[in-house]
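Okay, structure first, notes after.
As the structure is a computational prediction, the values presented were derived from the model and not from experiment.
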Amino acid sequence: MALLPILHYPDPRLHKVAAPVKEVGPRIQQIAADMLETMYESNGVGLAATQVDVHERLFVMDVSEERNQPQVLINPELVWASEEMHSGEEGCLSIPGIYDGVQRHARVHVKAQDEHGQWRTIEAEGLQAVCIQHEMDHLKGKLFIDYLSPLKRNRIKTKMLKRSKSEAPAQA
């Protein structure tokens, strides 16, 4: 397994729409394993393929307290969402250190393939439902900050650009 570089906002590749996974095989299984390792190393609860510059419909997550229940969702489809909404603070590995409130469906049902290509339906609520919606947004090229006001988004973009300039190696 290998750690993958995570794209950081405002990288335009984060807005690319992911294509369906055509075949679940060794290549996708390796990407999923590397994504899980990267997510755990970064202390995240979810990671979409888009965030590691793989533009296919795949994400991984583990919302368990023990961090021992990894899930791989390939070609996810939202099949049901509750009318009840929940608002909570969200963050993102692609926008480190930034958190803000986002409205999400309180409960969702999603149909997806696992790392073996088997279709299953997950009925989720709480953090798991939020994580699924957040990661599925990434596959559509959408970030959680896209739900915020233009003013907040511009402030975040400015902050992230300043941070990337200060972290960039000095040029000789």
Side-chain angles (χ1 to χ4, degrees), residues 4-20 32 35-36 38-67 69-112 120-164 167:
L4 303 171
I6 297 173
L7 299 177
H8 288 140
Y9 179 78
D11 192 310
R13 294 172 290 181
L14 289 167
H15 293 291
K16 190 171 179 181
V17 176
M35 286 174 60
L36 281 165
T38 302
M39 178 192 74
Y40 286 128
E41 182 67 26
S42 303
N43 294 314
V45 295
L47 184 66
T50 302
Q51 294 176 269
V52 294
D53 205 19
V54 174
H55 302 283
E56 295 180 76
R57 293 187 53 77
L58 157 69
F59 70 86
V60 298
M61 66 180 195
D62 185 346
V63 297
S64 68
E65 289 281 330
E66 303 80 17
R67 312 290 287 142
Q69 297 174 26
Q71 293 183 288
V72 175
L73 286 85
I74 301 168
N75 295 322
E77 301 169 25
L78 190 64
V79 293
W80 178 83
S82 67
E83 287 185 30
E84 178 189 354
M85 301 297 282
H86 166 78
S87 184
E89 290 274 302
E90 287 188 30
C92 181
L93 294 175
S94 291
I95 315 170
I98 304 294
Y99 300 89
D100 213 316
V102 177
Q103 282 254 343
R104 300 280 187 187
H105 295 280
R107 293 178 309 285
V108 296
H109 296 177
V110 65
K111 180 179 158 187
R120 59 193 172 123
T121 300
I122 297 169
E123 297 179 8
E125 62 184 345
L127 180 57
Q128 185 181 31
V130 169
C131 187
I132 286 170
Q133 292 169 84
H134 179 108
E135 302 309 331
M136 286 182 72
D137 275 353
H138 275 299
L139 302 179
K140 297 178 210 164
K142 190 171 187 172
L143 300 165
F144 86 92
I145 61 171
D146 293 331
Y147 291 100
L148 306 178
S149 72
L151 178 64
K152 279 189 176 180
R153 277 197 311 274
N154 284 335
R155 285 182 180 159
I156 291 167
K157 184 175 185 177
T158 300
K159 187 176 195 174
M160 295 300 293
L161 287 169
K162 281 182 184 176
R163 186 182 296 166
S164 68
E167 293 171 357

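Between I95 atom CD1 and I6 atom CD1 the span is 12.0 Å, to the nearest 0.5 Å. Distance CG/L139 to CZ/F59: 7.0 Å, rounded to 0.5 Å. Rounded to the nearest 0.5 Å, atoms OH (Y9) and CD1 (I156) are 7.5 Å apart. A distance of 8.0 Å separates CG of L36 from CG of D62, quoted to the nearest 0.5 Å. One finds the CD1 atom of I132 at 11.5 Å from the CZ atom of R104 (value rounded to the nearest 0.5 Å). Separation of atoms CG (D137) and OG1 (T50) is listed at 10.5 Å; rounding is to 0.5 Å.
Side chain of E135 to backbone of A48: a donor-acceptor contact under 3.5 angstrom is found. In this structure a side-chain-to-backbone donor-acceptor pair under 3.5 Å is missing from S94 to Q51. Counting only distance, with no hydrogens or angles, the side chain of D146 and the backbone of L143 share a donor-acceptor pair below 3.5 Å. Side-chain N or O atoms of R107 include none that pairs as donor or acceptor with a backbone N or O of A129 at under 3.5 Å.
Nearest heavy atom pair, residue H138 against residue C92, reads NE2-SG, 3.4 Å. What you find for A106 and S82 is that their closest heavy atoms are N-OG, 3.3 Å. Here the shortest heavy-atom pairing between Q103 and S87 reads NE2-CB, 3.9 Å. The heavy-atom pair separating M35 from A49 by the smallest distance is CE-N, 3.3 Å. Nearest heavy-atom pair across P76 and A112 is CA-CB, 3.8 Å. Nearest approach of S42 to L93, heavy atoms of both residues: O-CD2, 3.5 Å.
Within a 6.0 Å sphere centred on CD of E89, heavy atoms belonging to other residues, nucleotides or ligands number more than 12. More than 12 heavy atoms of other residues, nucleotides or ligands sit less than 6.0 Å from atom CD of E77. Other residues, nucleotides and ligands place no more than 12 heavy atoms under 6.0 Å from the CD atom of E65.
At least one side-chain heavy atom of L73 sits less than 4.5 Å from a side-chain heavy atom of I122. Inter-residue side-chain proximity for R163 and H8 is flagged as unmet; no heavy-atom pair is nearer than 4.5 Å. Side-chain contact between R153 and P150 is present, with at least one heavy-atom pair separated by less than 4.5 Å. M136 is listed as a side-chain neighbour of R57, based on a closest heavy-atom distance under 4.5 Å. Two residues are said to be in side-chain contact when any heavy atoms from C-beta on lie closer than 4.5 Å; R120 and Q71 meet this criterion. Annotation: side chain of R67 is in contact with side chain of V45 (closest heavy-atom distance under 4.5 Å). Counting only heavy atoms from C-beta outward, the side chains of D53 and P5 never approach each other to under 4.5 Å. Within the 4.5 Å cutoff, side-chain heavy atoms of H55 are placed close to those of R13.
In this structure, the ring pair (Phe, Tyr, Trp, His ring centres under 6.0 Å) partners of H109, at least two apart in sequence or on a different chain, are W80. Every side-chain hydrogen bond (donor to acceptor under 3.5 Å, both in side chains) that K152 has, sequence neighbours left out, goes to D100.
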Could you check H134 against V102 for side-chain contact (heavy atoms from CB on, under 4.5 Å), going step by step and ending with a plain yes or no?
CA-CA 10 Å; H134 179 108; V102 177; over 6 Å; no
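Identified under the ring-ring contact (aromatic ring centres under 6.0 Å, His included) test for residues 86-106, with sequence neighbours left out: none.
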